[in-house]
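These notes are about the structure you will find just below.
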Amino acid sequence: MPPHTDDLIRRQTLFWLAATAIVLLLGIGLRYPWPADEPRFAQVAREMVESGQWLFPTRGGEPYPDKPPVFMWLSAFAFALVGNLKLSFLLPSALASVGTLLLVLDIGRRLWGREVALAALLVLVCTPQFLLQGKAAQIDAVVTFWITLGCYGLLRHFFSGPHWGWYFTAWAAMALGIMSKGVGFLPLLMLLPLAIWVRNPESGGGRVWRWKLASGLAVMLAVIALWLGPMLWQVHSIGTDTMVAYRNDLLFRQTGERFVNAWHHVKPWHYFFTQAIPTVWFPLPLLLLVFFKPLVALLREDRPARVLLTWVGLVLLFFSLSSGKREVYMFPALPMLALVVGALWVRVRGSVAAARTSGFFQGLLLLIAVALAGLGVALKVSPDKLLRKVPDYADAVTTLSLPLVAMGCALLILLVLIRRRDLLQRLAATSLVIWVFVSLLVWPKVDPYRTPQAMMEQIEQRLPPTSELGLLYFKEQFLLFSHRPLTHFSYLAPLAEQERNAWQWMKEQPGRHLLAPTDAELTCFDVAKTDSLGEAHRREWVVYGPASMRATCEPPLRPRRFVYRPVTEGVLP
């Protein structure tokens with residue numbers, strides 16, 4: 001590659017990396033955590049900082065067994081550092097996504113060169129799932145970073161090694177991935193294609209396959225033991241039923257049992273291939289189909305591409321074996337697939353088929369821009385017909401007419417200006433511009449309809465300051481916006497058991513009240529004698545006072561109650 005071309009690609013790479021990092025951070029502080037997952041992790045992080053108890057994550061004072069603690073630790077560290085939950089809760093995902101981009105750029109450059117590295121970056125940016133997860137406070141962006149780091153370490157060792165430091169770093173990254181979401185071991189699947197297609201040098205020098213490889217398992221177990229050992233010791237020392245249940249749920253029910261016998265998100269075996277990939281990974285499936293013959297040639301000639309695509313297939317197969325499936329499960333495979341697509345695109349971009357494909361996508365992007373602007377105009381001129389399909393967010397949607405028109409017009413101008421640029425650059429630019437508008441204009445307008453802030457303020461106005469408040473149908477977002485202590489009766493308990501505990505709690509002391517939705521079919525309370533607070537999260541919420549209690553209620557099988565007392569109000573304005 002000529003020096004001036006290399007410099008140009010280097011500058012372009014820095015530009016796209018910086019632009020993507022800015023967009024990932026854009027909008028932080030403009031919205032609160034949104035259901036379903038974000039309020040949970042934000043509240044857990046808040047309680048870690050408030051209580052100083054980092055070993056056992058809690059939500060509302062009750063141990064939270066659904067996930068290992070690393071993501072919550074990162075969120076809590078960001079909150080402790082920034083001091084404001086609204087500013088900190090999105091930071092771990094955004095920074096992890098930047099880290100993933102850096103890893104992909106570096107390994108792409110080492111295996112194929114700067115052109116492929118840049119193409120892989122652009123593929124990630126234009127794939128909807130990447131920025132969607134990078135701008136959400138969920139675990140998946142962080143666990144994807146750990147898994148990508150694990151793959152990076154293995155690739156460094158086996159393709160440009162031996163690099164034993166990077167090899168053992170891969171195992172440490174897998175341990176941190178396991179401590180984030182349990183599936184951090186996925187880079188291990190790469191050892192299978194590596195064993196098939198990568199050999200030791202015939203000279204015997206610089207051997208990448210040695211018995212020393214087995215000690216990587218010791219590294220992973222040692223890192224996990226730094227958390228698991230103290231956790232198990234504390235559970236044994238405390239010995240309560242609650243702590244034993246936490247241990248068993250975390251180590252067994254939420255891992256092996258959830259994989260073998262999923263109890264929610266049940267989908268058919270082909271879900272990832274027929275529904276998830278065509279949507280959240282678009283346009284990658286289309287590119288792979290259009291350039292299928294060049295892809296086959298690439299795989300025949302290029303060992304790294306063959307190893308990576310085989311690994312992606314093994315990851316998808318692994319998750320397809322479980323009955324429980326979500327789009328985010330396959331997200332960790334995306335960075336390695338982006339490298340393969342990047343290598344493929346650099347091969348074919350000068351072909352006639354690439355020119356036709358580029359023209360097709362240019363027309364599709366223009367159509368999307370016109371559709372966004374037209375939707376905004378329709379919302380402004382005739383909102384009634386459109387709002388019938390989203391009655392729960394009708395008020396929010398009506399405020400989006402002008403942002404949608406502005407977004408559509410901006411895209412039209414952009415696409416005309418960069419019409420001669422590479423296809424991946426146009427796709428990436430479109431993705432970034434959309435997220436700029438979403439972050440700065442859409443988020444602030446939708447935010448009041450995605451949080452119970454107004455409802456919790458109503459409670460403060462209606463109830464005396466000394467009144468205690470209980471909660472049925474536990475939702476973490478109510479804890480985030482509560483100005484007073486909230487009592488709940490175990491997130492893990494059945495609703496009937498929660499209700500019986502709530503009735504006893506109210507019976508013990510006058511002046512206590514209970515917050516619950518009207519669709520909770522309660523037998524110990526009379527919903528006709530309640531005060532309505534309006535709707536939040538597609539439910540009407542009411543306050544049950546002493547007058548709403550029935551004369552008798554069946555006692556609970558096990559008395560359980562947890563109290564959360566807000567200490568910091570960093571989440572509040």
Side-chain angles (χ1 to χ4, degrees), residues 39-40 43 46-47 50-51 56 58-65 238-246 249 452 454-537 539-567:
R40 179 181 312 124
Q43 180 61 27
R46 184 186 186 187
E47 291 184 35
E50 291 177 344
S51 66
F56 297 101
T58 60
R59 53 178 172 190
E62 180 181 19
Y64 172 64
I238 298 170
T240 63
D241 291 343
T242 299
M243 297 311 297
V244 171
Y246 166 83
D249 205 347
M455 181 175 294
M456 299 309 289
E457 290 175 354
Q458 279 192 61
I459 289 176
E460 291 304 311
Q461 297 170 4
R462 295 190 186 190
L463 298 185
T466 56
S467 291
E468 297 181 44
L469 184 64
L471 183 63
L472 285 184
Y473 261 138
F474 184 97
K475 295 293 181 184
E476 294 86 0
Q477 52 263 40
F478 291 104
L479 297 175
L480 285 173
F481 292 95
S482 178
H483 296 268
R484 66 180 71 210
L486 270 180
T487 300
H488 68 97
F489 310 95
S490 180
Y491 177 89
L492 303 174
L495 177 60
E497 188 71 1
Q498 292 185 45
E499 180 191 8
R500 294 162 188 165
N501 273 296
W503 189 91
Q504 281 201 346
W505 173 77
M506 290 183 65
K507 184 82 170 175
E508 290 171 6
Q509 185 174 318
R512 288 176 170 172
H513 294 76
L514 188 67
L515 176 63
T518 55
D519 61 350
E521 298 180 0
L522 306 182
T523 59
C524 300
F525 298 89
D526 185 357
V527 71
K529 299 178 180 179
T530 59
D531 295 325
S532 175
L533 295 172
E535 290 191 4
H537 311 302
R539 286 171 168 169
E540 181 186 6
W541 293 82
V542 295
V543 174
Y544 292 87
S548 64
M549 297 175 62
R550 300 195 186 276
T552 60
C553 182
E554 184 178 344
L557 299 175
R558 177 186 171 193
R560 280 192 290 190
R561 65 184 65 166
F562 298 89
V563 182
Y564 172 67
R565 293 179 172 84
V567 177

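Residue indices begin at 1 and follow the sequence shown. Heavy atoms only: backbone and side chains are in, while hydrogens, waters and symmetry mates are out.
- Taking every heavy atom of both residues into account, Val527 and Thr530 meet most closely at O-OG1, 2.7 Å.
- Within the 4.5 Å cutoff, the side chain of Met549 has heavy atoms near those of the Phe525 side chain.
- Residues Leu469 and Trp505 approach most closely at C-CH2, 3.5 Å, considering heavy atoms.
- Residue pairs meeting the salt bridge (charged side-chain N to carboxylate O under 4.0 Å, His left out) criterion with at least one member in residues 509-519, sequence neighbours excluded, are Glu468-Arg512, Glu508-Arg512, Asp519-Arg539.
- The main-chain N or O of Arg558 is found under 3.5 Å from a side-chain atom of Asn501 such that the two form a donor-acceptor pair.
- For residues 480-506, the salt bridge (charged side-chain N to carboxylate O under 4.0 Å, His left out) pairs, not counting sequence neighbours, are Glu460-Arg484, Glu497-Arg500, Arg500-Glu554.
- Using a 30° and 60° split on the angle between ring planes, Phe562 and His488 fall in the parallel class, below 30°.
- When the ring pair (Phe, Tyr, Trp, His ring centres under 6.0 Å) test is applied to Tyr64, no partner is found at least two apart in sequence or on another chain.
- No side-chain heavy atom of Pro39 sits less than 4.5 Å from a side-chain heavy atom of Lys475.
- Not counting sequence neighbours, Tyr473 has no partner by the ring pair (Phe, Tyr, Trp, His ring centres under 6.0 Å) test.
- With sequence neighbours excluded, the residues that form a side-chain contact (heavy atoms from CB on, under 4.5 Å) with Pro485 are Val563, Arg565.
- The heavy-atom pair separating Asp249 from Pro65 by the smallest distance is OD2-CG, 3.5 Å.
- Taking CE from Met506 and OG from Ser548, the interatomic distance works out to 5.0 Å, rounded to the nearest 0.5 Å.
- Taking the side-chain hydrogen bond (donor to acceptor under 3.5 Å, both in side chains) definition, one finds that Ser490 meets it with Glu62, sequence neighbours left out.
- Atom CD in Gln504 sits 9.5 Å away from atom SG in Cys524 (nearest 0.5 Å).
- The minimum heavy-atom distance between Ala551 and Trp503, with the atom names listed, is O-CZ2, 3.5 Å.
- Taken to the nearest 0.5 Å, the OG1 atom of Thr242 stands 7.0 Å off from the CZ atom of Arg560.
- Residues that satisfy the side-chain contact (heavy atoms from CB on, under 4.5 Å) test with Gln498, not counting sequence neighbours, are Leu472, Phe489, Ala493.
- Residues passing the side-chain hydrogen bond (donor to acceptor under 3.5 Å, both in side chains) test with Thr58 are Glu47, sequence neighbours excluded.
- Residues meeting the side-chain contact (heavy atoms from CB on, under 4.5 Å) test with Ser51, sequence neighbours left out: Gln53.
- Glu476 pairs by the side-chain hydrogen bond (donor to acceptor under 3.5 Å, both in side chains) definition with Arg40, Arg59, not counting sequence neighbours.
- When side chains are defined from C-beta on, Pro63 counts as touching Met243, because their heavy atoms get closer than 4.5 Å.
- When all heavy atoms of Arg46 and Leu479 are compared, the closest pair comes out as NH1-O, 3.4 Å.
- A 4.5 Å side-chain heavy-atom check between Leu515 and Leu486 finds every atom pair outside the cut-off.
- Across Met455 and Phe478, no two heavy atoms sit closer than the pair SD-CE2, 3.9 Å.
- Under the side-chain contact (heavy atoms from CB on, under 4.5 Å) criterion, Pro465 pairs with no residue at all, not counting sequence neighbours.
- Judged as a side-chain hydrogen bond (donor to acceptor under 3.5 Å, both in side chains), and not counting sequence neighbours, Arg550 has no contacts.
- Distance check: Ile459 CD1 to Ser467 OG gives 11.0 Å after rounding to the nearest 0.5 Å.
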